[in-house]
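Heads up, the thing below is written out as C-alpha cells.
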Amino acid sequence: MATGTFVAYFRVSTSRQGVSGLGLDAQRETVRAFLNGGAWTLAAEFVEVESGRTDARPELAKALARCRVMGAILIVANVSRLTRSVAFLSRLLESGVEVRFCDMPQIEGATGRFLLTQMVSVAELEAGMIGERTRKALAAAKARGRVLGGRRENSAAIHQTGAPASRAVRTAKADKRAADLAPIIADVKEAGATSLREIAAALNERGIPTVRGGAWSAVQVQRAMSRLPT
C-alpha cells in the first residue's frame, strides 16, 4: 500500500502523443492503479516529450528537483518510460531521489536501489571490457608509430587552498538546493508572484518546505534567490 508524497514523471516519444494523450493516459492510469489505497499525496506531475534514446530530459530534471526539495518519491509507470541508457540510469541513482516503478514494485527503498545498481554494474562491466579492447587497440597503433592525442599541461599547479571542508560541503548543498528551487520559483513568478512575500506564500501553498522543514518567509526566499545565477 503506497504511502508518502510522490511526484509523477511521464514520457511520450512524439509531440503527437503529447498532444493527443496517446500513451500518456495509459501511464497516468498505471500510476493511479499503483497508488490506489494508502495515505499518499501526488504533489506534481511532469510530462516529457522526448525519445528514449536521448539523455537530455529537462522535465525529468525539474521532477527530480521537486522531489529533493519536498522529500518526495519519483514515480514512473515503467522502466522503459524513464530510460534505456545505463549512463542515464547511473546518474539517476546518484541524484539522491527514491524512484518507484509501477511495473517493478519490488524495486523499492534500499533493496530496490541495490537491484538497480546491480543492473547498472553488469552493463558497466560490459562497457569496461569494450574499453579495455579499445585501449589495447590504441596501444598497438602507438607501437606501430602512430601519434595519438596532443600536448597536455600539468594541472597540479592550479589547485588552491579553499575554505574548510565542512563549510565547502554546506555551501555546495545550499547551492544545489537553490538550483533545485530555481525552476519552481520561475513557475511561481510566471503565475504572477512578484514580491518576495508573494513568492514565499506561493511556495508554502505548493507544500515546498524550507531546508529545515518550516514555512517560507520573504527573508528566506531572498537568501535562496541570492544563490541563483544572475
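No experiment lies behind these values; they were computed from the predicted model shown.
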Flag, side chain of Asn204 to backbone of Trp216, donor-acceptor distance under 3.5 Å: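 Between the backbone of Trp216 and the side chain of Asn204 there is a qualifying donor-acceptor contact (under 3.5 Å).
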Polar side-chain atom of Glu48 near backbone of Glu59 as donor-acceptor pair, under 3.5 Å: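 Present.
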Arg223 atom CZ, over 12 foreign heavy atoms within 6.0 Å: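 Check fails, neighbour count at 12 or below.
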Over 12 foreign heavy atoms within 6.0 Å of CD, Glu29: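 Enclosed: over 12 neighbouring heavy atoms sit under 6.0 Å from CD of Glu29.
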For residues 185-197, tabulate all N or O donor-acceptor pairs below 3.5 Å that involve a side-chain atom, not counting sequence neighbours.
| residue | atom | partner | partner atom | Å |
| --- | --- | --- | --- | --- |
| Thr194 | OG1 | Glu198 | OE1 | 2.9 |
| Ser195 | OG | Glu198 | N | 3.1 |

Just wondering, do [Y] and [X] contact through their side chains at under 4.5 Å, heavy atoms?
X      : Y      : value
Thr5   : Trp40  : no
Leu24  : Val47  : yes
Arg100 : Val76  : no
Ile208 : Leu181 : yes
Lys176 : Arg68  : yes
Leu74  : Leu60  : yes
Phe10  : Arg28  : yes
Val31  : Cys102 : yes

Pair Ile184-Arg66, side chain to side chain contact (heavy atoms under 4.5 Å, CB included): steps then yes or no: CA-CA 8 Å; Ile184 304 174; Arg66 184 68 63 90; 3.3 Å; yes
Side chain to side chain contact (heavy atoms under 4.5 Å, CB included) between Lys173 and Val211, intermediate numbers included: CA-CA 10 Å; Lys173 288 180 65 175; Val211 67; over 6 Å; no
Gap separating the [atom1] atom of [X] from the [atom2] atom of [Y], nearest 0.5 angstrom:
X      : Y      : atom1 : atom2 : answer
Met225 : Gln220 : CE    : CD    : 14.0 Å
Thr41  : Phe6   : OG1   : CZ    : 9.0 Å
Asp175 : Asp180 : CG    : CG    : 11.0 Å

Closest heavy-atom contact between [X] and [Y]?
X      : Y      : answer
Val69  : Arg177 : CA-NH1, 3.4 Å
Ala224 : Ala178 : O-CB, 3.8 Å
Leu64  : Ser95  : CD2-OG, 4.0 Å

side-chain contact (heavy atoms from CB on, under 4.5 Å) partner of Phe46, the single match among Lys62, Arg11, Arg57: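 That would be Lys62.
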Test log, rule side chain to side chain contact (heavy atoms under 4.5 Å, CB included), inputs Cys67 and Ile73: CA-CA 6 Å; Cys67 286; Ile73 301 168; over 6 Å; no
Step-by-step side chain to side chain contact (heavy atoms under 4.5 Å, CB included) determination, Arg227 to Thr171: CA-CA 10 Å; Arg227 292 185 174 275; Thr171 300; 4.1 Å; yes
